[in-house]
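Report on one structure; see the data block that follows.
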Amino acid sequence: MRPHHTRLRLIAATAVISLFAALGLASPAAASPVPSSPRPAADTDLAAGKPITASSHVYDFVETNANDNNVGTYWESASGAYPATLSVNLGAKAVISSVVIKLNPDPIWAARTQTIAVLGRATHSGGYTILVGAKSYSFDPNNGANTVTIPVSATVADVQLAFTSNSGAPGGQVGELQVMGSPAPAPDLTIGDMSWTPSSPVETDTVTLKATVKNIGTAASDATNVNFYLSGQKAGTASVPAIAAGASASVSASVGTRTAGTYQLVGKVDESDTVLELNENNNTYTNPASLVVSPVASSDLVASSVSWTPGNPASGNNVSFSVTVKNQGTVASGSGSHGITLSLLDANNSVVRTFTGSVSWTIAAGATAAPVTLGSWTAVNGKYTVKTVLANDPNELPVKQANNTSTTPFFVGRGANMPYDAYEAEDGVLAGGATIVGPNRTIGDLAGEASGRRAVKLASTGASVEFTTKASTNTLVTRFAMPDASGGGGINSTLDVYVNGTFLKAIDLTSHFAWLYGDETSPNNAPSSTPRHIYDEAHAMLGTTVPAGSRIRLQKDAANTAAYYSIDFIDTEQVSPIANPDPGKYTVPAGFTQQDVQNALDKARQDPSLVGVYLPAGTYQTSSKLQVYGKAIKMVGAGPWYTQFQAPTGQENTDVGIRADSSANGSTFSGFAYFGNYTSRIDGPGKVFDLQNVANDTIDNIWVEHMVCMYWGNNTDHMTITNDRIRDTFADGVNMTNGSSDNLVSNDEARSTGDDSFALFAATDSGGTGEKNNTYQNLTAILPWRAAGVAVYGGQDNTVKNVYIADTLTYSGITISSLDFGYPMEDFGPDPTNFGNISIVRAGGHFWGAQTFPGIWMFSASKQFRAIRVSDVDIIDPTYSGIMFQTDYSGGRPLNPVTDTVLTNITISGAHKSGDAYDAKSGFGIWANELPESGQGPAVGSATFNNLKLSDNAIDIRNTTSTFTINVQ
């Protein structure tokens, strides 16, 4: 707790007037109050548990503390960031009589005076109107239980407090906010009696959907809309006029011609800001009958397959494109030529290349023509779109021609294809005394722990770094470091963001989750001379769309009080919320608490008509694991920028996440984020997805930060883990173990993991066996601060391909090891473990005392090391060595040799002498390690290299052993 009872900050009376200007309001004397209404007798607290927001907060003292029914927790705005606002959404219009502001009655909270104005608005959008002008209110724990009651008479939907001074702290403070009143008369719209015309449509008919909207509330509704959904896809919108209480209106909307099929019709009243209903839970209606559209004889040509070879191209590859055309209609196509146009578009939708071809024969109904090769292109790294257009067929009805055009994303480059653009700070424009630090590879150093081993330091007022956007964005992520508190625990600060030279907003930063110290294997939060893991990330919605070509500047201004800010990189991304995929089949939580979400999951489990839970945009407070069981559930959010689970901010190391059992096999989890509160590693809890003996689940488009792991799978099979972003964990990103097989981990990015970013660990301690046939592909692992980018410990027939790994801080880029760590574990092989199409940049480090690690570490240890295949790998600028072979010993004897290991098309460049304390163990392109650490011995076995390329290394191959053979062919 920080009541700030010893600090004093005063402002001039003129600041009260400037408050209203800053908020875009008239002065108090000129304000027009929201019209008041007669107040019903029974008043209740309308703010309890409702959505609450603030203009700012200091780290532990978030806005949700102000209406959690606990006066011992409190909100506090950022230091000196006046005017500071605290706003609560009452849900619907209400007649309010007073606003009650409480502070902790403990005597440690000395008396203080806060200057506060009360504002309100009648809808959830638009500007606020002053209800009670700014006044000074005295808070005293010895008088009135440290509570102030402000009489108010108004009808509002939102209430806002505006603070302009606090004599006891540098920001506004509220322990508990109560808005006393009762619901105002309001509409309550329901929808039903849905139908369509014609009653039995065919594909050539224009379909019109109809519905009846009734107002069962106590006041007239405003004009709104009804959205119609056909099988989960929004099909049309009908305008709804204002409806008097107790009255009805019939509405309709044309949805055009529809392809043949059976559709479920769902109608949903638009829950707009102007409706403010008593009850929005009855705004959705699903017609129990299905809309059946009958087919009409027609051809229907589609590009059933658009492909390219190689499937994961790298820059310089010759990429060949082909298209396969299928007639999925009911009659044969015409006999003439069927033209195909394939356009390759860059990130700006400019045409890079166009290819043409044709299918020159009749395609029977249901038949597929032979693939048509259209041409080739020399690949250049980047994000592209492949647009395919098929010429209209004379036997194809217009309703069938919309699918003649299709688009497919196409990515050139190793690693994950993520939806954001990244900008390195050292490539930005520096001003105001900003400096580039680095390069070096020192752990605990601002450069050594940055990507590219360089960063930009902002240490003086006016120092800035500026980036020009490649695409439009409404979001910003920055990886940063700033000082720890003198006693540990982090500090809180802000950093200002400018767009095209104009101040936009300040983003909140904290070093609370960074800065570990001490022993490299088990660092802790007690400050010492050996820091590590000093960077963290912060994200913010910009509140506006910044167009491509704009300049985004991060600047240390006078209000940004940290001694320095080290900026590593930023990400920008244009985002929008994902809609409910089918309002008739997805239930929605009643609120944003852990229990609200669990209740919705339970409802979806128990109701056979529901397939899952949709999580609308909002911050969901979570304090434990959600339980998914009973049937396959789809848990879908509005996207990870919008649907976010937040662990308690006043705690540390809370085990939040999702636990699903085998009765829910086949579940899907997508479109949300988990932001934890872990500040150190605790083995056991802290895994967002902690799964055992489950199968066929999908985990897609998930964002995880400040947890121990994103995914830990014991005997999990046929899982799909895709399009996820994993950041600043204290252990693994994804780890499959105990017989996990047939899994796909694809297009995921891990940043700054505290153990292996992506791991396969063939232990059998929990009973599962057969760790095989897993595919880890299209992955990016950067800046793991402990362990490797990718690690495979045993198993067989597993594949790791198209991976980018950079800037490991302590360990290898890739670990291939048969060490069992004292657990029962499976050997490698006999079927091969395959690694291919991989870039490893600036990887390696030192750990376990004085042992150095390479780009790829091959460790034959307690289990058989065999059947390893590595191909098409570039190792660039390794910290100590490119590839190292090592053998574990026990009692002076080697345990297992390296056998049946073949490496093809390997390039190693830039293995230089390190010049540090480990210089004697550096500079080797390939190293058969003769003595890794005390008590060990030289590498044993052999490996074969085909088409090996070595350049710019201090020593290309070091092998002083008589026990290991390196065959170069």
* Asked: Side-chain donor-acceptor pair under 3.5 Å between N701 and S670, yes or no?
  -> no
* To do: Using modelled atom types only, decide if a donor and an acceptor are shared between the side chain of T780 and the backbone of G415 within a distance under 3.5 Å.
  => no
* Asked: Which atom pair, heavy atoms only, marks the closest approach of V734 to M710?
  -> CG2-CE, 4.0 Å
* **Check: N474 side chain, V575 main-chain N or O, donor-acceptor pair, under 3.5 Å** => yes
* Assess the side chains of N802 and Q777: does a donor N or O sit below 3.5 Å from an acceptor N or O? => no
* Distance-only side-chain donor-acceptor flag, Q644 / W703, under 3.5 Å -> no
* Asked: If you measure only the distance, is there a donor-acceptor pair under 3.5 Å linking the side chains of D661 and Q692?
  -> no
* Asked: Can a salt bridge be assigned to the pair R751 and D571 using a cut-off of 4.0 Å between side-chain N and carboxylate O?
  -> yes
* Asked: Looking just at side-chain N and O atoms, do T722 and D700 make a donor-acceptor pair shorter than 3.5 Å?
  -> yes
* Consider only side-chain N and O atoms of N723 and D748, and report whether a donor and an acceptor are under 3.5 Å apart. => no
* Side-chain H-bond candidate by donor/acceptor type, T654 with N677, under 3.5 Å -> yes
* State, to 0.1 Å, how close V745 and L779 come at their nearest heavy-atom pair, and which atoms those are. => O-CD2, 3.8 Å
* Taking the side chain as C-beta and beyond, is there a heavy-atom pair between T237 and K234 under 4.5 Å? -> yes
* **Close side-chain approach of H539 to W641, heavy-atom, < 4.5 Å** => yes
* Structure fact -> d(Y776 OH, S746 OG) to nearest 0.5 Å is 12.0 Å
* Do the non-hydrogen side-chain atoms of V636 and F669 ever get within less than 4.5 Å of each other? -> no
* To do: Measure from the side-chain N and O atoms of S472 to the backbone N and O of A548, and report whether any donor-acceptor pair falls under 3.5 Å.
  => no
* Asked: Side chain of N774, backbone of L744: donor and acceptor closer than 3.5 Å?
  -> no
* Main-chain N/O of T190 paired to N283 side chain as donor or acceptor, under 3.5 Å -> no
* Looking only at heavy atoms, what is the nearest atom pair of G584 and T284, with distance? -> N-CG2, 4.5 Å
* Asked: Which value, rounded to the nearest 0.5 Å, describes the distance between N327 atom CG and N395 atom CG?
  -> 9.0 Å
* To do: Of all the heavy-atom pairs spanning V386 and W308, show the shortest one and how long it is.
  => CG2-CZ3, 4.0 Å
* For M635 and L615, what are the C-alpha separation, side-chain angles and deciding distance, and is it a side-chain contact (heavy atoms from CB on, under 4.5 Å)? -> CA-CA 7 Å; M635 183 175 168; L615 301 168; 3.8 Å; yes
* **Between CD1 on residue I699 and OG on residue S667, distance to nearest 0.5 Å** => 10.0 Å
* Rounded to the nearest 0.5 Å, what separation is found between the OH atom of Y614 and the CD1 atom of I578? -> 7.5 Å
* Could you tell me whether the side chains of Q264 and S290 share a donor-acceptor contact shorter than 3.5 Å? => no
* Return yes if a side-chain donor-acceptor contact under 3.5 Å exists between D300 and N403, otherwise no. => yes
* Asked: Between T224 and D270, do the side chains contain an N or O donor and an N or O acceptor separated by less than 3.5 Å?
  -> no
* Just by modelled atom types, is the V389 backbone N or O under 3.5 Å from a matching donor or acceptor in the N404 side chain? -> no
* Rounded to the nearest 0.5 Å, what's the gap from OG1 on T572 to CG on D421? Could you check? => 4.5 Å
* Pair R725 + E537: basic N to acidic O under 4.0 Å -> no
* Just grab all the side chain to side chain donor-acceptor pair (under 3.5 Å) pairs involving residues 193-216, residues at least two apart or on different chains. => E203-K400
* To do: Quick one: do Y674 and T622 satisfy side chain to side chain donor-acceptor pair (under 3.5 Å)? Show the steps, please.
  => CA-CA 9 Å; Y674 260 89; T622 181; 4.5 Å; no
* Using a 4.5 Å cut-off on heavy atoms from C-beta on, say whether the side chain of V325 contacts that of T368. => no
* Asked: Quick one: CG on L291 to CG on L265, what's the gap to the nearest 0.5 Å?
  -> 7.0 Å
Donor-acceptor pairs are to be reported for all side-chain atoms of residues 247-257 against protein atoms at under 3.5 Å, with residues two or more places apart or in another chain.
from, atom 1, to, atom 2, distance (Å)
S254, OG, G256, N, 3.4

* Shortest non-hydrogen contact from A242 toward S221 -> CB-O, 3.2 Å
* Take N693 and N715 through the test side chain to side chain donor-acceptor pair (under 3.5 Å) and record every step on the way to the result. => CA-CA 5 Å; N693 302 323; N715 192 27; 3.0 Å; yes
* Starting from the C-alpha separation in whole Å, work towards a yes-or-no answer on side-chain contact (heavy atoms from CB on, under 4.5 Å) for Y384 and L345. => CA-CA 5 Å; Y384 301 89; L345 310 178; over 6 Å; no
* To do: Starting from the C-alpha separation in whole Å, work towards a yes-or-no answer on side-chain contact (heavy atoms from CB on, under 4.5 Å) for N714 and L691.
  => CA-CA 6 Å; N714 271 306; L691 306 179; over 6 Å; no
* To do: Verify, without hydrogens or angle tests, whether Q646 (side chain) and Q621 (backbone) share a donor-acceptor contact under 3.5 angstrom.
  => no
* To do: Any chance you could lay out the side-chain contact (heavy atoms from CB on, under 4.5 Å) test for F689 and D697, step after step, and finish with the verdict?
  => CA-CA 11 Å; F689 293 94; D697 289 351; over 6 Å; no
* Are there more than 12 heavy atoms of other residues, nucleotides or ligands under 6.0 Å from atom NZ of K50? -> yes
* **Any donor-acceptor pair under 3.5 Å from D655 side chain to G686 backbone** => yes
* To do: Show the numbers, then the answer: is there a ring-ring contact (aromatic ring centres under 6.0 Å, His included) between F672 and F645?
  => CA-CA 8 Å; F672 53 85; F645 288 90; 5.7 Å; yes
* T545 versus Q574, side-chain donor and acceptor atoms under 3.5 Å -> yes
* **D742 and N773: side chain donor to acceptor below 3.5 Å** => yes
* Asked: With side chains defined as the heavy atoms from C-beta onward, is the minimum distance between V588 and N580 less than 4.5 Å?
  -> yes
* Asked: K326 side chain to S304 main-chain N or O, any donor-acceptor pair under 3.5 Å?
  -> no
* Asked: Does any donor atom in the side chain of Q595 or N599 lie under 3.5 Å from an acceptor atom in the other side chain?
  -> yes
* Asked: Is the shortest heavy-atom distance from the side chain of I52 to the side chain of N89 under 4.5 Å?
  -> no
* Looking at Y420, does the NZ or CZ of R727 lie under 6.0 angstrom from its six-membered ring centre and within 45 degrees of the ring axis? -> yes
* Where is the tightest heavy-atom contact between T388 and A303, given as atom of each residue plus distance? -> CG2-CB, 4.1 Å
* Asked: Quick one: does S741's side chain have a donor or acceptor within less than 3.5 Å of a partner on D717's backbone?
  -> no
* Do P409 and K383 have side-chain heavy atoms sitting under 4.5 Å apart? -> no
* Summary of salt bridge (Lys or Arg N to Asp or Glu O under 4.0 Å) pairs that have at least one residue in residues 574-603, sequence neighbours excluded -> D602-R605
* Cut-off 3.5 Å, side chains only: do D393 and S299 have a donor facing an acceptor? -> yes
* **Minimum side-chain heavy-atom gap V213-V226 below 4.5 Å** => yes
